[in-house]
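Data block below; observations after.
Hydrogens, waters and symmetry mates play no part in the numbers below; they use all other heavy atoms, side chains included.
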Amino acid sequence: MLAICYGSQTGDRWGVRDSCKPMKREGKEKGVQENEPSMLNVHLVPHTHDDVGWLKTVDQYYHGDRNNIQHAGVQYILDSVIDQLQKDPARRFIYVETAFFYRWWRQQSQNTRRIVTQLVNEGRLEFINGGWCMSDEATTHYSAVIDQMTLGLRFLNDTFGECGRPRVAWHIDPFGHAREHASIFAQMGYDGFFFGRLDYQDKARRMKTKEMEMLWRASESLTPPLADLFTGVLPNGYNPPEGFCWDQSCNDAPIRDDPDLEDYNVDEIVQRFLNAAFYKTNHIIMTMGSDFQYENANLWYKNMDKLIKYVNALQAKGSKVNVLYSTPSCYLQELNLANLTWPLKTDDFFPYADDAHDFWTGYFTSRPALKLYERLSNSRLQTCNQLEVLGGPKSTSGPFGEGDSDTMKRAMGVAQHHDAVSGTEKQHVAYDYARRLATGWAHCEVLVRNSLAVLSGSESPRVFCENLNISVCPLTESSQKFSMNVYNPLGRTVSWPVRLPVNGSLYSVTDTKGKTVDSQVGNYVCMSFKLICNIYDMKSSSLLLLLSVRWFHFSINNKSVLMYAFKFLKVTFDDTTGLLSSLTNLETNQTIRLTQNFYWYNASSGNNKESRQPSGAYIFRPNSSDPFVINKTAEIQIVTVSSTVQEVTQWFSPWVSQVVRLYEGHRELELEWTVGPVPIADGLGKEVITRLDTDIESSDYFYTDSNGREVLERRKDYRPTWDLKQTEPIAGNYYPINSRAYIKDDKHQLTVVTDRSQGVSSIYNGSLEIMLHRRLLYDDFRGVGEPLSEPGEFFDGLVARGRLLLTLTPPNMAADVHRPLAQGMVLQPLLSFQDGTPLANTKLEFSGLQDALPPAVHLLTLSQWDKDSVLIRLEHQYQAKESKTHSQPITVNLQVTHTFSFLLTLTSEMSLGANQWKEDMNRLQWNTGTKASKPLPLSAKDPSPWEVTLNPMEIRTFLLQLRQL
């Protein structure tokens, strides 16, 4: 069979086997429409948008359950579409959400699978995007995005081969678009990217200037065109043109083409269809479908068949419009063949507003606990993946039973969905996402136990204390002696403070060599007083190396601890207000005025859309630009001073508190905040922020990360792409952060590293505000249909807790501190505990590398691919020019760095998505009128096959063959 983009003449540019090559056809088959070069070609793209959870859970959407909430059943959509595609070879359909297709495919007979495979090989059913879900772009971390894309792309590749490889990224519903996502798609080999939602002011300008399609240069560090991606804005969002929705869920009139009937409407519908003039070429794309449509695909295809027939019939009377079934990749090829010059885009598409007072910036923070749980689950998944490799075959089948990482991969894949980690789902769906992550970790826990048993030689039971964030761990609170095992998933040495609830007042802590580790026991407030053991290891002999396992032994004794001053940071408090007053970097001799407090914006409310746009799960709209201060003073309740940690607990109100900590040997100040339950008895919805006010002259500029990687410059009341008419002075200046934000002037840079995705802004000169929590009383009329008011454990409101890490540095030194700090926040050491002391034959220490990786290099992925191969991704974690020391190319030797229990015998480089060999990548090239350098060939970059050279912000993916020793 031939896979054909009808009317295209693309030669061999696909670089694939004959059965998938587009070919120039001679003549026409029945039902086949071709492009007409002298006409306006309208590409009809039949599609469905199937949310992987939103108003219903993933399972409910797939099975068509709880249709009283929303009528939607994905399995019936796929059944119906496959049936209708077989009835006419001209018909096309695209599908996006691999999480649903994977489930459907497993339930099909061999005969149905053969039919579907044929449709895929012929290009009649085409997979677009291809990730496990259509990820959110504001609140997702790049590592999790890459993982979920890899999961979906691998299934398609394993199932359909090259014909199943998506060539176009398709994000029609996410609420704003991140530059890092575009960079990821480009590095995965995609030819183009289409999305549906664009700020209303930006869209109006682009439609007027015919710039709805552009080239997005998505990295300031990677050499063009490595991160260049052709990007198009769809004309109708992702819906059909008004009046042309023929789904069973729609009310538009069908095409009534019997002229003998009184309600004949062909002429009327055809004339309504013939107007589209804001694109640069003689090709236009029309999305024919919407949310969960095509459950009865016959309705759609029967009317589209008629539309194509009657519009094209007018060509005999001089019409210059040609309508055809198509796909985004076929449309994209025609744009490429036009060989035009396209406008260049270098910033991003945040924030998104669909009207003057409707900024979708609230979801940057919505459901803060779920956002943290997703981030911690990502860390656990990376640990699970690594230990599966390091522990070998016994990791998945060992002394503690059958374990796997796949369940967690699928749960994390679903969690990246744009109505999952975004916090824009119904409450019962949020519970379901959390349940899936918990189930995934339960499977990983078995694997981790097995692997650690292999690495240590000990099968003694171990536990994982899941509630350390609320100072609960039954084993450490009840045992006189216990051991703690720490696994470091980073490729470099880390120093990590540990805080455990205990039952004694004095503890002796020793490392694997019997040396005493600094520790201190003190009181800590968590609803009631608890004894907390702060452990901090500042000795180089006890720092945790890459993939390392290390045991610490605890026993009660009567030693006292001496106190001494810390050498890197100094923080002062105002003795009148109890608030922070200054921060000093003692290394660089810098001091800034720093005050910090908590505030809340009064959320706008409304009983209907016509009164006043309310704040909701998506939209942030305060009814005033001035937030209410929670308290002008803070009560300092506890002060702890020791050789390991200094901390001050601040109480601002019964529902807001904070612990300020300095750890010995650390260059960051930790702010551990607790907010909630947010009171609503006064009838006011509240959006809670913390604001840092300094004397830094930031001049309305601030900086935010994009999905945890490259940093973008922001400016108050400004957009790089168009002349902004600011209508919401607070919400219109909010941006998403995944890992960091900062303000700076010529001398000072204050950087804040976060533990989850949040919304941030700089409303005043020298200030940085971060939204921490939201509790609202009204729905915002964007579909979710319920207020964002999380009940919490006791149904009186959710309590959220989190950490902010503050660093003060000169601007030219800042990245050297915040880059590793942010990676350490994302990939945290995993703690496990065993009662008593380790057995005599227990191996107390293990490291997967001979040496730590260079500071600029991050081990992004180490994962078992199949029985005989491992997938590894290495990334350069610095941007070009941001570090004098580390923003340089760096070379790593894959053979000499590891001490794995196997030999690496062969290495092959792959695309970022790991679904094609790097040497086979051959993307469409686009003209912007600017000179673009070509990437260096591999031979000029790598000194040898085993030596990998990384340029700033470059990620390289390798499939390594291995042989067990």
With a 4.5 Å heavy-atom cut-off, do [X] and [Y] have their side chains touching?
X    : Y    : answer
R775 : L788 : no
T424 : V784 : no
R873 : D147 : yes
T140 : Q148 : no
M149 : N129 : yes
C133 : E97  : no
L859 : L490 : no
K426 : I69  : yes

Quick one: sort the [X] and [Y] rings into parallel, tilted or perpendicular, breaks at 30° and 60°.
X    : Y    : result
F292 : Y61  : parallel
F349 : H177 : perpendicular
F101 : Y95  : tilted
F175 : W360 : tilted

If only atom types and distance count, is the side chain of [X] paired as donor or acceptor with the main-chain N or O of [Y] below 3.5 Å?
X    : Y    : value
S706 : E180 : yes
T476 : P501 : yes
N450 : G401 : yes
Y294 : F93  : no
R756 : P368 : yes
R380 : G440 : no
D51  : G53  : no
D866 : S869 : yes
K686 : L776 : no

NZ or CZ of R197 within 45° of Y352 ring axis and under 6.0 Å: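 No, R197 does not lie over the aromatic ring of Y352.
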Row check, Y142 ring normal vs R709 NZ/CZ: under 6.0 Å, within 45°: yes
Worked check of side chain to side chain contact (heavy atoms under 4.5 Å, CB included) between L804 and T754: CA-CA 5 Å; L804 303 174; T754 65; 3.9 Å; yes
Salt bridge (Lys or Arg N to Asp or Glu O under 4.0 Å) evaluation trace for R367 with E374: CA-CA 11 Å; R367 302 193 187 278; E374 180 276 333; over 6 Å; no
Crowding at CD, E793 (>12 non-hydrogen neighbours, <6.0 Å): no
Steps toward salt bridge (Lys or Arg N to Asp or Glu O under 4.0 Å) verdict (R436, D59): CA-CA 11 Å; R436 290 174 181 275; D59 292 346; 2.9 Å; yes
Any residue meeting salt bridge (charged side-chain N to carboxylate O under 4.0 Å, His left out) with R740, in chain and number order, not counting sequence neighbours: none
S395 to L387 - nearest heavy-atom pair and separation: OG-O, 3.2 Å
E672 vs R803, salt bridge (Lys or Arg N to Asp or Glu O under 4.0 Å): CA-CA, chis, key distance, verdict: CA-CA 4 Å; E672 186 183 57; R803 292 190 301 149; 5.7 Å; no
Sole candidate of N239, D173, T48, D247 that passes side-chain hydrogen bond (donor to acceptor under 3.5 Å, both in side chains) when paired with S290: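 Testing S290 for a side-chain hydrogen bond (donor to acceptor under 3.5 Å, both in side chains) against N239, D173, T48, D247 leaves exactly one candidate, N239.
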is_close_aromatic(Y734, F364), centroid dist under 6.0 Å: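 No - the distance between ring centres of Y734 and F364 does not fall below the 6.0 Å cut-off.
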Ring centroid separation F185 to H171 under 6.0 Å: yes
Any side-chain donor near an acceptor of the partner, S757 and N738, under 3.5 Å: yes
What donor-acceptor contacts under 3.5 angstrom involve side-chain atoms of residues 72-79, with partners at least two apart or in another chain?
{"residue": "Q75", "atom": "NE2", "partner": "H63", "partner atom": "O", "Å": "3.4"}
{"residue": "Y76", "atom": "OH", "partner": "H63", "partner atom": "O", "Å": "3.4"}
{"residue": "D79", "atom": "OD1", "partner": "W104", "partner atom": "NE1", "Å": "2.8"}

